[in-house]
Structure formats: C-alpha cells, structure tokens
There are 2 protein chains.
Amino acid sequence: MNKLKSLSNIETPCLLLDKETIDKNIQRLNHHIGNLGVTLRAHMKTAKSVEIANFLFEGAKGSITVSTLKEAEGFSNSGFTDIIYAVGVSPQKLDRIYAIRKNGNQLKIILDSKEQAEFVSEYVKRTGDAIEVLIEIDCDGHRSGVGPANKERLLDIAAELKRGGALLAGVLTHAGGSYSAKSKSELETAAEIERKAAVDAAVILRSAGFDCPIVSVGSTPTAHFAKDLKGVTEVRAGNFMFFDLFMAGLGICTKEDIALSVLTTVIGHQQEKGWIIVDAGWMAMSRDRSTTNQATDQGYGLVCNENGEIVIDLIMVSANQEHGILAFRNGQKCSSKEFPIGSKMRILPNHACATAAQHQQYYVIERQQIMGVWSRFNGW
Amino acid sequence: MNKLKSLSNIETPCLLLDKETIDKNIQRLNHHIGNLGVTLRAHMKTAKSVEIANFLFEGAKGSITVSTLKEAEGFSNSGFTDIIYAVGVSPQKLDRIYAIRKNGNQLKIILDSKEQAEFVSEYVKRTGDAIEVLIEIDCDGHRSGVGPANKERLLDIAAELKRGGALLAGVLTHAGGSYSAKSKSELETAAEIERKAAVDAAVILRSAGFDCPIVSVGSTPTAHFAKDLKGVTEVRAGNFMFFDLFMAGLGICTKEDIALSVLTTVIGHQQEKGWIIVDAGWMAMSRDRSTTNQATDQGYGLVCNENGEIVIDLIMVSANQEHGILAFRNGQKCSSKEFPIGSKMRILPNHACATAAQHQQYYVIERQQIMGVWSRFNGW
C-alpha cells in the first residue's frame, strides 16, 4: 500500500474503489449463498485484479471463473489454480490453455457442441492432458448452451469427451436473461430456472453413467435472489463486488452499495444551459447506456460530490471522448460557484464491468483517503 | 515489422488495421483540405499511436492534437513537439503540462473562461514559462467554449492571459454538432458555421490588438465537407484515418473505406435461433451503439468474412462481455456449415475511437497478411 493520499491531489479521470463497500458486498453474497449451502466461485471478469481476488478470499486461493485467457494466465501466475474459463472454447485457444495447465493449474474449459468435443478429444489424444470440461447449459435462451432437456446432445458430447479421454467435470449455466427481470418474483423465478436447468442436465448425465461433479450456476441477479440451491455445487458471480446503477435499477442493491466510481474534475461550465463540463467522458465511463431501458435512465452516470454523497438528480447527460456534460434532470441550472473549475466529483457507473475495463488500475479508498493502487488485467 | 503472419493463426479478438485503406483515407483528407489552402493538425485521440502518426506524416514530426496528457507525453517523447491538448485545462494538470513543456515541446492548452485564464496566469508568473493558450470557441452549442460573438468574454480572457504573461496562440473550435447532420447540405452548413465562428472570434481579438496566429477548426464530418476555409490556419480531425459505420451512415465515407475491424473466431451456434456466437463481445467492440439513431442500425457492428468482404445483412445483434451474437437482419438463419466453429470473421465498428480504445495494439494488415504490430497509448 502506498502512503495516504488525498483525493484532491490525484489526477483525473481515475477509478475509485471503496474498500468498506466492496467488503460489505462480498460478505452479503457469501452469507446468502452460504445459508443455501453453496460456495462462491468468484467471476473475476469484472474486477480482473489479483489484489481484489486476494481481498475477496482473505488471502486464500479460492475457486474462480475468468472470461479471458489473459485473466487465466494472470491469476494462475498468482497461485489461483482452480479456474473455469467460461467462454466456449475454439481450436485456436487450446495451445494457450494447455500451456497454463502444464504449469499445474486446473484450468477448465466449457463447450456446448459435439464439434467442440471432437477437437478437444483430438487434442487430448495428442497431448495426453486429460483436460477438465464442463458442458454449457442454456437455461433461458439468451445466448449459448445445450438445452437442459436435450438429452441426445448432452450424451453425445459426454460420450465424445470420454472417447477422447477428456474429463467431464460438470455442467455450467448462466441466467443472462435475469438482467431483464422486472420484479423480485421474476428474479426468484430466474434463479430457480437457472438452478433447475443445471441440475436437470446433471441428472441426465449421471443417469447415463457419467460423472458430473460440478453443477455451476450464476449471475449477480440470480445469486442474490436464489431461495434454494439444491443440487448446485457452486455459484458464479462477479459484478456483485462492485455493483452499479443497472443493478440498483434492477433492485439487486441500493445506490449506496455501489463500490466503484470515477473521480473527475470540473473543467468548465456552459452557463446559459446550466451545464457542468468535467474531464471524464465516455473514455472514462465507457459507452454503456444500459439504464436507458430501466425505469430511471441514469445517462452516463449519477453524480456524487468528492466524498461520494449523491447530488440528487444530477447526472452525466451526455459524454464525448474526454468530456462529460453534467446537468440536473429537472432542468435546474448548475451553479458554477457551487461546482467551480478544479473541484472534484464522483460518477457512479451504469455498468461496473464496462467502466472498470476503461481503466488500468483502481485507487482503493477508505474514509476518503487513497490506501493503495490495485492493478487490472485488460486485453486478451 | 514482424515477419508475415496469416490471419488464420492469430489470437482473437484483436484489432486489424488495413494499411492500404488508412493510406487512402489520409490522402483523401490531405488532398481536400490542401486544395482549400490549409494543412492538417491530426487529432491523435482516435489512433493514439506513434507508428500511425509516423505513417500519417511520412516520417515527419507534424502538428498534432491530443485528448490526454498521456498522449501528449507519448508523442512528445517520440519527437512530436507541436501539440494542442484540446480538453479545457484544470489547475491540477498544469504541473504535468509544465513538465512536458520543459523538455522543449510546444504543448498548447485550451480554455474558455476568465477563471481558467486567471489560474494559468498565476502559474505563468510562478514558473516564468509563457505557455501558449488557445481560446475555445463554441460554434454550435454542443459542449463548451465562448460564443463567437461574446466579445466581452473573449477580450476578458485575452487580457487576463496577457496580464499574466501567457501567450495567446489563437482560437479553436470543434463542430461536434455535425455528427447529427442529416444531409450533404447540413454538413456543408456545419463546416461553414464552424469556420465562421473561429474566424469571427479571431477578428474580435485582432481588432482589439491581440495576436491570434492559429485559427483551428475541425471534426471529421466538417473537414470533408468544408467548401471554403478562408481565414482558417489548420484543420483538426482524427476519426478520418479509420472511419467507421457511424461515419458511413452520415455519408462521410463508404463502408469499404473503414480501415479498422475486429477479428473474431466463431465459438458456437444457437441453431434454433440461427445465431452465430463469436469471441468478440462488447469488450472487443466497445458498448458504442451510435448507429441506433441512424437510418440503418448496425447493432454492435457489421460482419465481414476473414478477407474483409461484407456479409450482406449479417450484424452483431447483441453483445455480452466476451460473446457476440451474429444474426441476419432479415431473420434468415446462419448456417453452422458456412460459418463453422474456429472460422474467422471481421466486425466493422460503429465508432472507431471507442472500439480502438478497447485494444492495446493494432495488427497492421496488407493484402490479408499481418505486416506488423503498432502500439497505442491507453489511459490517462
């Protein structure tokens, strides 16, 4: 940790991570799924940070999920050995995956077709490395995966993996559809559909004589609203550490639970229009406008003062590459005296995964002081 | 330059830059504004690459514009000395600007208020460095700047700069409003409004006895549609090197003029829905959806085959972090035989500035071969 540094002196735009808030968010989810008898396989696609993974697991090397092989390499180099790469595998990625596994890491892959099982089998035959494979299950039609009732395809894939000598490690599903839920009951339903899809697929595989040790489910919305996780062995979630305005709009958290913000400096005013111009544009916030279709459109982000207190109804209404335009929802004009040039603001993001990805590090704060800088793996 | 490498072997997702196309785009703009008697001050905010600047200026160290101090530092370390940092200055940035200038670089700043002129003056008095300052002019109300007829504010700023010993280097405006033009005649009008605003402001300053050597205008749309640049000394543009679907939708270029694309690999199919799943999601494309409000919504990007030939009506309809979903506009189902797992596609971006910013380097291609890797400055 670097020595204490005040927010007033730091260069903007930059990414702030509130340590107390991330801690509370981690405890909340661990408590909830712990009560349901399941442990977390943290999805590191949002945080992409070894320091955050160490914080999350309190120094232990817990089970994780990653979205890129760059994350897989970075985390495995830092001692995390139980990793699922949760994007369907293609033939070109097998060499890099094999290189990570050769270092003694249990990097697992996912797939959803016989075609993939065939080239994985061929690879296993060539290398002798019995790679662990999960079959991706489609619980809600939002993206990829085998339908949980598609017995023929499930068994075809399992048989093909067995033929080649790969290890069927389990099934995995992600309720991406839960992001469009409109109520608590829809969230609870999405969680149950997710659970049932994974468990049903595991039952089919086991009934046919295949091992299926891992039954993996997860999305930040369903992880928090699951009431029963019977048959599930692990929950994956990543956004939950930070949360964001989209998750607040969905009812998963409050705005005060958002651990991530972009620190920015006022660089001007458009006095006739009553706008504040700041040095965080879409490059710092990302182009994510996912709250557009929610009940409250937050523009490019909701504005807080330097201490992180929300300025009611002040949002980033528009963003250019390195300029953000702040204005009140109700048309009230911003005062250049209240927000003078050089003063700092914080912007809460629509989508933590997208906003964090625009930055190369986190400034970790505790009681408005910078306690350290934590790194990120960007790119592939 | 690295040795030749085939696109088939490269890891995806990654950013491709077609050398012949960028060359043609650069020549086109240089030719157009050259005919109008003005030279280019390239805006490097899109490319953020020394190799691209070297290519653009054919090895010379031409005049450039930057959007971050990280770019200013990077380009000045590579011998580019005539740089405008075109984001309104704040007090906290002056030390870093001064450090760059101390190395002998003419890094110029912009501002639009007496408040900024005052703290710049104080800084000049303290350091003795007579920094060059341009006054930002608001030609179309889209963001910041002094109205071109606001004589009092213009002269106040100029007088305050003079008092402190800063050097008034000129005026600068950007027709951001041109991005919503609907026709050739609206683009031509935007260009003329931009020109007139800058020239009018220069006339006010000169009439009051101030020097105003630089009269700087620019945006990619107006740069191509200006018919007269009388009184203007330089044109700034950046996107023009790459172009994108937004610019094609605006009528500034054709889709074939787009030099930038994201190379991706097919990782699955959702056969019932007829989708192709690829390994480029919004992390590789950005969350930019700026074609939504144009006549043709291109989703997250328009799909080409591996050779860069457009697949008619195939677009990325939806994107998750590391997954893109490709589908035909007309509902026709994608064939998994035609686009098998492991095959490569290229996606043309909505917005080159945003898509390029998601990547750490360019794979430069000539006739479908990778000729080299060019770097980028990301972050601040």
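Every chain is numbered from 1 and lettered A, B, ... according to where its sequence line falls, protein lines coming before strand lines. Side chains are part of it too, since the values below use all heavy atoms of this structure and drop only hydrogens, waters and symmetry mates.
Using a cut-off of 4.0 Å between Lys/Arg side-chain N and Asp/Glu carboxylate O, R96(A) and E11(B) are scored as salt-bridged. E160(B) has no carboxylate O lying under 4.0 Å from a charged side-chain N of K114(B), or vice versa, which leaves the two without a salt bridge.
At a 4.5 Å heavy-atom cutoff, the contact between H351(A) and chain B is made by side-chain atoms alone. In this structure, no portion of S336(A) lies under 4.5 Å from any heavy atom of chain B. In this structure, the portion of T265(A) lying under 4.5 Å from any heavy atom of chain B is its side chain and not its backbone. Within the 4.5 angstrom heavy-atom criterion, only side-chain atoms of D279(A), from C-beta onward, approach chain B. The contact between I277(B) and chain A is made entirely by side chain atoms (from C-beta outward), counting heavy-atom distances below 4.5 Å. Residue contact with chain B, scored on non-hydrogen atoms closer than 4.5 Å, involves the backbone and the side chain of A284(A) alike. Heavy-atom distances place no part of Q271(A) under 4.5 Å from chain B, backbone and side chain included. For Q321(B), the part lying under 4.5 angstrom from a heavy atom of chain A is the side chain only.
Heavy-atom pairs under 4.5 Å with chain A peak, among G141(B), A357(B), G268(B), at G141(B). Top candidate by heavy-atom pairs under 4.5 Å with chain A, chosen from N378(B), I341(B), V87(B), L111(B), is I341(B). Of all the listed residues (Q361(A), R143(A), M283(A)), the one sharing the greatest number of non-hydrogen pairs under 4.5 Å with chain B is R143(A). With respect to chain A, the highest number of heavy-atom pairs below 4.5 Å among G281(B), A354(B), S318(B) belongs to A354(B). Chain A forms the most heavy-atom pairs under 4.5 Å with one residue out of E136(B), E272(B), Q270(B), and that residue is Q270(B). Each of K93(B), H323(B), Q360(B) has some count of heavy-atom pairs under 4.5 Å with chain A, and the biggest count is that of H323(B).
The aromatic rings of Y98(B) and Y123(B) sit perpendicular to each other, their planes meeting at more than 60°, with 30° as the lower class boundary.
Panel note: side chain T12(A), backbone C14(A); no donor-acceptor pair is recorded below 3.5 Å.
Between the side chains of T291(B) and N350(B), at least one donor N or O sits under 3.5 Å from an acceptor N or O. For the residue pair Q358(A) / T355(A), no side-chain donor-acceptor distance below 3.5 Å is found, with atom types taken as modelled. For the residue pair S178(B)/S219(B), the side-chain donor-acceptor check at 3.5 Å is satisfied.
In this structure the side chain of D138(A) never reaches within 4.5 angstrom of the side chain of T173(A), judged on heavy atoms. Residues V89(A) and L94(A) have side chains in contact (heavy-atom distance under 4.5 Å, counting atoms from C-beta outward).
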